[in-house]
S.K.: 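My structure is below; once you've seen it, I'll send some questions.
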Amino acid sequence: MQVSCTTCEGAMSNKPTLHIPHPPARPGDKPDFSYVALSDPGAVDRPEVNTSVRAMAYLSEELIRVMDDDGNAVGPWHPHLDERDLQIGLRHMLLTRLFDAYMVRMQRQGKISFYMQSLGEEAISVAQSMALRPTDMLFPSYRCQGLQVARGRSLVDLMCQCLSNTNDMCKGRQMPVMYHWARGKIFSVTGNLTVQFPQAVGWAMAAAIKGEDNIAVAWIGDGSTAEADFHHALTFAAVYQAPVMLNVVNNQWAISTFQGFAGGERRSFASRGPGYGIASLRVDGNDFLAVHAVTEWAAERARRGHGPCLIEHVTYRAGAHSTSDDPSRYRPRDEYASWPLGDPITRMKQFMQKSGCWSDDQHEKLTAELTQHISESWQDAESYGTMTTGPFLDRSELFEDVYRDMPAHLIEQRDELRRLIGED
Amino acid sequence: MQVSCTTCEGAMSNKPTLHIPHPPARPGDKPDFSYVALSDPGAVDRPEVNTSVRAMAYLSEELIRVMDDDGNAVGPWHPHLDERDLQIGLRHMLLTRLFDAYMVRMQRQGKISFYMQSLGEEAISVAQSMALRPTDMLFPSYRCQGLQVARGRSLVDLMCQCLSNTNDMCKGRQMPVMYHWARGKIFSVTGNLTVQFPQAVGWAMAAAIKGEDNIAVAWIGDGSTAEADFHHALTFAAVYQAPVMLNVVNNQWAISTFQGFAGGERRSFASRGPGYGIASLRVDGNDFLAVHAVTEWAAERARRGHGPCLIEHVTYRAGAHSTSDDPSRYRPRDEYASWPLGDPITRMKQFMQKSGCWSDDQHEKLTAELTQHISESWQDAESYGTMTTGPFLDRSELFEDVYRDMPAHLIEQRDELRRLIGED
Amino acid sequence: MPQMNMIQALNSAMDIMLTRDPSVVVIGEDVGYFGGVFRTTDGLQRKHGEHRVIDAPIAEGGIIGAAIGMGVNGLRPIAEIQFADYIYPGFDQIASQLAKLRYRTGGDFFAPVTVRTPCGGGIRGGQTHSQSPEGLFTHVAGLKVVMPSTPYDAKGLLISAVEDDDPVIFFEPKRLYNGPFDGDHDKPAVPWSTHPGGEVPEDYYSLPIGRAEVVSAGDDLTILCYGTMVHVAQASAARLGVAADIIDIRTLLPLDVATLKQSVEKTGRCLVLHEATRFSGYGAELVATIVEECFYALEAPVRRVCGWDTPYPHAFEWEYFPGQKRVMVAIENLLEEE
Amino acid sequence: MPQMNMIQALNSAMDIMLTRDPSVVVIGEDVGYFGGVFRTTDGLQRKHGEHRVIDAPIAEGGIIGAAIGMGVNGLRPIAEIQFADYIYPGFDQIASQLAKLRYRTGGDFFAPVTVRTPCGGGIRGGQTHSQSPEGLFTHVAGLKVVMPSTPYDAKGLLISAVEDDDPVIFFEPKRLYNGPFDGDHDKPAVPWSTHPGGEVPEDYYSLPIGRAEVVSAGDDLTILCYGTMVHVAQASAARLGVAADIIDIRTLLPLDVATLKQSVEKTGRCLVLHEATRFSGYGAELVATIVEECFYALEAPVRRVCGWDTPYPHAFEWEYFPGQKRVMVAIENLLEEE
Ligand SMILES: Cc1ncc(C[n+]2csc(CCOP(=O)(O)OP(=O)(O)O)c2C)c(N)n1
Ligand SMILES: Cc1ncc(C[n+]2csc(CCOP(=O)(O)OP(=O)(O)O)c2C)c(N)n1
Ligand SMILES: [Mg+2]
Ligand SMILES: [Mg+2]
């Protein structure tokens, strides 16, 4: 059982030195993803949903994959979705991507102040959303717009949020992409990393207390696992066996820092789970079918009372962190092209074409249709106001919703602002 | 690999229910420690100190033991300490226990305001302290008085702290047992749980940065693992491969809550480590020899640059949580008698007697000597002042050390207090 | 009228709310089987079940985080933080999340969480069992902050807090749990049965959040205080034979400015008391409010008597605690000014 | 004299301290290879090495906790918290540990940690990239709290903070990073080269912690302010043609009471400004201090102009920000009072 290598990559020293994680490639270097542990498509076992955590611990270090490089779906995790679902899935992914691209353009044109795209990570939000029940509660991070799209949110609503206009569900109070959707059971995105993880566990605890079988599902990034709330969530989920699915989207980067700075150099993020007694799986996040299958499995496990799951989605942040970021300062410009797990949309399309339920022609048509849908939505959205042209939100919205009922001091402050503006 | 049991102990349900951990026995019940996973004495393998985390992961779920029930030392972890060290170890443990008992008595008599004993856990602090270098920095919890004793702290100093008198190293500012000892390289105990864990990691990072080979060692309880700082410490220790030893003293209870409320129902606390990429061991905390051996091993690993360790010490909190607590409200009164790992002092004595380096007579003499030493120390300590009789600390100490140099507003407040007292 | 100490009154409030409203749950360290380290939740788990009164892992951030999620899912959690000194690990979930959820979602989501926590000194708890951090929370928009000074108020205000759709941080001055401590630690302890505030109806009642109470009336000066300091103020004024408007703030946020203003406009002199450290404490807001609202009525500067700007020391507890002597000196000086 | 913006000035301070003192290290999220999301640590890792300028996991509590341990082991860590809005996960380590270590150990242990963090709004950052939580930290005994308003002050004060054996929370008004923003967001941005505070010596110098600065002198009134509001105050006074003593507090804790007092005793009128929410904000302490120290010199109530008591909204940033208009109205009203 013993091996002679040290825990510290590289040369063996006889003295402690501060280890500094290094990404395999910096700007100018040749991309190198040899550090990403892969399993062969179809190779990983699919246990029963009530399998003990101990017996399935190996799943936290394997990589569950369904699609192979040639567009075949293989192995026990193949979800055997019907054509219609595949087409819907592809449509949602494509819509998410085109919407993102459009909104990045709007930001560049100064029409919105900020944006964060999910380029390359569309399969995760979309497949997961489709594998869940509409009554399950979602606690997204800022890179989960696919959840909104897949649950059927109108693009106009999303755009209006980014415009902070009169139709903004946040009433102008949040930066772009900090959506929420009460009716759609999608919780509010916040700038504070990881805080939604224990909140989702609490939501799930409440579901269990009430005897309902809706589950809670939450997402964070690889970097966000370092925050305290990751630990809080895992501890509470394990102790109370809360019906919750905790997703870590490992897109290799957290702004400029490589996933190694969250501990990813040593072990997969999924492998944190078993030590807490939590069933954990690692999945190819760019494989729509694998993500769908794993999500369905974990949801059933939770829903049947077999406890929480931790899922690591292995993917790559293909775009900049946000419109404020320039990734060419810290990683090779062309890194995405070398990403071993490809692009989720390209792979899905290839699989569907191979299965005979999709064609280039259909794809082109769909792209055109969605593109038009997006720009029409934008027209619509702008009719509720832009950053520079009306209609504008009423300024007294500034003081609403701090409390359910406005207390005296806020009424006074609101009136003071009104007087001030009246003097304009 | 698949087993059919659910992750949730007890009946299988088909709906999520909130799982509530239950200790095996409540007041009036027969004690039941069948949940404690044991290994046979001597049965657990001892790998090289540079073994990879992955290759030694099994050590986080085994129980390293050296002494068997008959007082023999067996297996690869036998540290083969010489007589002198054994006698010193026994002496420190006994002194710690007698000191604790004395101070509990003093609290009952109203001579100190509060106390926390380490009854049943003496082997951990004492053996660990002896297995470390005097230049290693210790970050204790409030139940680590054995560290002070083993590093040679004068009892008078400890007593004076509990008395908040003119010789109190804390200058009256901390509750009893919140000792520190800068010269002895023992950090300050604080009421805030777990905060010392990332601090120890930071200390170790600094040692590595400076190129020194002193290590940092920290202790928390089982309940304290739920705090955020446990996760911070493990993450930072793993990322930077800090030369630190993180100890979890699993004494089964956290005030009234059973270790299951920190997640201990599902998996050992040591098993949290491997998921972070941290070498982790689980040891019989009532076995002086095993604790010594494991500590030496982990210290060497860290000191040679092979990274941090997490160690779970399996023990039992034989006394009340503190002098404010009454454990008969939440656990069987006689639980300790059934604890499968016995009493650390009794076992050590049995082993030494069997090895021929200790006798009942010696034990009795030692007990008498230490008892006298303690009561003499108390006389001495009282000469620096008690809660009711002088000498008293100067009241302006209240304002010192908030900052290095007293700022104007504190000078004013000090003077105000002086004026007020002058009016007495 | 039944007599209750503050622990019993709080227990009764929770018992009633657990009974009336199935969405109420209690969660915290040692609150379940054991009934809480101060016995505040004694018997509640036995009566209402393990799924309503829940022992928690020792993780204040996790407790608040989970309580928020529960609140979003329709429950009304009462989260206990064992000591106010240990609320800081939950500070982010309180200040960033709990306080701002309704605002950031345009009113679409909210979490009606009540956070109960014992605060204040006088029990030889040293720096980690004596703090009064209420001031910090009053600087967080979106929170309500409450601190009662009697069992009667404690029950009525806790019931209101639980019923409130906004998050409430509910501070319990632990030195008042067993009796109306007036700052004189040499005197034998007095039980609540000697105080009218110890008369507490068995049944449901609530007291409005946002209303201060004039606990004694007088023209010489106004004393603004809350928690333990209400009793210190009363004893000090009585010893001096001074006729003071003593106002128990009770609801620190939102603040009942009208009641304060009315009093100071009458008396022209105002003293502000709290146990928390002085610098940037809640008392500063009281002073600033009074100055802004009643400047022209003031005959003397508004003065503060507060905890010193140091951590709470173990040995010098009574030198630290702003007791009767300091309060009396301040009253006398204030009456002499000008 | 070289020109620097505030980012360059802070970078220069850290560069100098890393060079002069081998015990200085910098740790924070994205501070190393990348040089910080605001580029404040740009080039420092390249120059001083990976063991001196250290990228950290995204865990503010861990960063502060580790920095304390480093401090205890003889280093002088500069910990960066990426946005002040994200300092709360580190609040416990700051308030319970960093602030109280020296006190609780009778001076035997201390951790000379500087926590740098960008604060304030005006960059369309919404509620999680705009907060000004400085007031909270001024209520924690044992901390020093600093906020500069110019590159010159930023460098001199940061060097002092790093050299200080006490913990310093160092707030950087991010809207001032690139220029002396005066609150008029319609005006084209102005670079620091247009402002005398942009003249920054290349070499080592330090400015005392604990000293406020009178940035302009006048007899009409006193304006107490810090950070961005210093520039808003100057522009507002200038537009009104009012002769104001404008005092840049700079060191919020400990506060330079003498300088404030001298001014208000001269002017008799005082206005307090900050961007943070008003209720229980630091401004309350300034008002309370002025009232306690200068009551008899006051000709009018001390008034505050602050952020509204709401979270910082994204869309209504300029309605929220206490800009020139609000300040001017307040000045005019204050001068008219009585
Ligand atoms: C508590 C907190 N700390 C720091 C930040 C600043 N921040 C925003 S995103 C980010 C990186 C997160 O990386 P990761 O979790 O991997 O998610 P990704 O952006 O890759 O999807 C950081 C540090 C924050 N938003 N909240
Ligand atoms: C942050 C914080 N939360 C809560 C407490 C109250 N408290 C003191 S000791 C304790 C139990 C700790 O249990 P454990 O970690 O198992 O240590 P043990 O007492 O068993 O040695 C609790 C909850 C505290 N001191 N600090
Ligand atoms: Mg990431
Ligand atoms: Mg314990």
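Per chain, numbering begins at 1; letters A, B, ... match sequence-line order.
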S.K.: Examine whether an atom of D:Lys100 lies under 4.5 Å from a heavy atom of chain B, and if so say whether it belongs to the side chain, the backbone or both; otherwise answer neither.
M.R.: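 Contact with chain B: none, neither part.
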S.K.: We want to know whether D:Tyr86 and D:Glu29 form a side-chain donor-acceptor pair, criterion being a heavy-atom distance below 3.5 angstrom.
M.R.: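 The answer is no; no qualifying pair exists.
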S.K.: For D:Ala111, is it the side chain, the backbone, both or neither that has a heavy atom under 4.5 Å from a heavy atom of chain B?
M.R.: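 It is neither, since no heavy atom gets under 4.5 Å.
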S.K.: Could you list the donor-acceptor pairs under 3.5 angstrom formed by side chains in residues 214-221 of chain B, with sequence neighbours left out?
M.R.:
from     : atom 1 : to       : atom 2 : distance (Å)
B:Asn214 : OD1    : B:Thr135 : OG1    : 2.8
B:Trp219 : NE1    : B:Gln128 : OE1    : 2.6

S.K.: Relative to chain B, which segment of D:Ala59 carries a heavy atom at a distance below 4.5 Å: side chain, backbone, both, or neither?
M.R.: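 Answer is both: backbone and side chain atoms of D:Ala59 are under 4.5 Å from chain B.
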S.K.: Look at the aromatic rings of B:Phe139 and B:Trp203 and report parallel, tilted or perpendicular, splitting at 30° and 60°.
M.R.: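 Plane angle over 60°, so perpendicular.
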S.K.: Pick whichever of D:Asp256, D:Leu253, D:Leu143 has the most heavy-atom pairs under 4.5 Å with chain B.
M.R.: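 Maximum pair count with chain B is reached by D:Leu143.
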S.K.: What part of D:Asp165 is in contact with chain B, defined as an atom under 4.5 angstrom from a non-hydrogen atom: side chain, backbone, both or neither?
M.R.: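 Contact with chain B: side chain only.
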S.K.: Top residue by heavy-atom pair count (under 4.5 Å) with chain D, among B:Trp181, B:Tyr240, B:Phe236?
M.R.: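 Counting heavy-atom pairs under 4.5 Å, the top option is B:Phe236.
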S.K.: For side chain to side chain contact (heavy atoms under 4.5 Å, CB included), just list the numbers for D:Val115 and D:Phe170, CA-CA rounded to whole Å, side-chain angles, deciding distance to a tenth of an Å, and then say yes or no.
M.R.: CA-CA 6 Å; D:Val115 180; D:Phe170 192 94; over 6 Å; no
S.K.: Can you confirm if the NZ or CZ of B:Arg404 lies within 45° of the ring axis of D:Phe110 and under 6.0 Å from the centre of its six-membered ring?
M.R.: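 Not flagged: B:Arg404 not positioned over aromatic ring of D:Phe110.
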S.K.: Is it the backbone or the side chain of D:Ile64 that comes under 4.5 Å from a heavy atom of chain B, or both, or neither?
M.R.: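 No part of it gets close to chain B.
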S.K.: With sequence neighbours excluded, what pairs up with B:Ala262 under the side chain to side chain contact (heavy atoms under 4.5 Å, CB included) test?
M.R.: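 For B:Ala262 the side chain to side chain contact (heavy atoms under 4.5 Å, CB included) partners, ignoring immediate neighbours, are B:Thr225, B:Phe269.
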S.K.: Return yes if some donor-acceptor pair links the side-chain N/O of D:Ser160 with the main-chain N/O of D:Leu207 below 3.5 Å, else return no.
M.R.: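 Flag set: sc D:Ser160 to bb D:Leu207 pair under 3.5 Å.
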S.K.: Of the listed residues (B:Ala242, B:Cys170, B:Pro198), which shares the most heavy-atom pairs with chain D below a 4.5 Å separation?
M.R.: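 The option with the most such pairs is B:Pro198.
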S.K.: Name the region of B:Phe197, side chain, backbone, both or neither, that has any atom closer than 4.5 Å to a heavy atom of chain D.
M.R.: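 Answer is neither: B:Phe197 stays 4.5 Å or more from chain D.
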S.K.: With chain B, which of D:Gly61, D:Pro254, D:Gly210 has the greatest number of heavy-atom pairs at distances under 4.5 Å?
M.R.: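 Maximum pair count with chain B is reached by D:Gly61.
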S.K.: Let's test your reading of the structure: which of D:Val25, D:Asp92, D:Leu101 forms the most heavy-atom pairs below 4.5 Å with chain B?
M.R.: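 Looking at each option in turn, the highest pair count goes to D:Leu101.
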S.K.: Please identify, among B:Asn192, B:Asp405, B:Val189, the residue contributing the most non-hydrogen atom pairs under 4.5 Å to chain D.
M.R.: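 Most pairs with chain D among the choices: B:Asn192.
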S.K.: Between D:Phe91 and D:Phe137, how do the two ring planes meet: parallel, tilted or perpendicular, split at 30° and 60°?
M.R.: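 The arrangement is tilted - the two ring planes meet at 30° to 60°.
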S.K.: What part of B:Val195 is in contact with chain D, defined as an atom under 4.5 angstrom from a non-hydrogen atom: side chain, backbone, both or neither?
M.R.: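 For B:Val195, heavy atoms of backbone and side chain both lie under 4.5 Å from chain D.
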S.K.: Relative to chain D, which segment of B:Leu398 carries a heavy atom at a distance below 4.5 Å: side chain, backbone, both, or neither?
M.R.: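 For B:Leu398, backbone and side chain are both near chain D.
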S.K.: Check the angle between the aromatic planes of D:Tyr226 and D:His274 and answer parallel, tilted or perpendicular using the 30° and 60° thresholds.
M.R.: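 Aromatic pair D:Tyr226/D:His274 classed tilted.
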S.K.: Quick one, D:Arg76 with D:Glu163, criterion salt bridge (charged side-chain N to carboxylate O under 4.0 Å, His left out). Give me CA distance, side-chain angles, the key distance, then yes/no.
M.R.: CA-CA 8 Å; D:Arg76 285 190 181 271; D:Glu163 290 180 331; over 6 Å; no
S.K.: Can you tell which part of B:Met137 gets under 4.5 Å to a heavy atom of chain D, answering side chain, backbone, both or neither?
M.R.: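 For B:Met137, side-chain heavy atoms alone lie under 4.5 Å from chain D.
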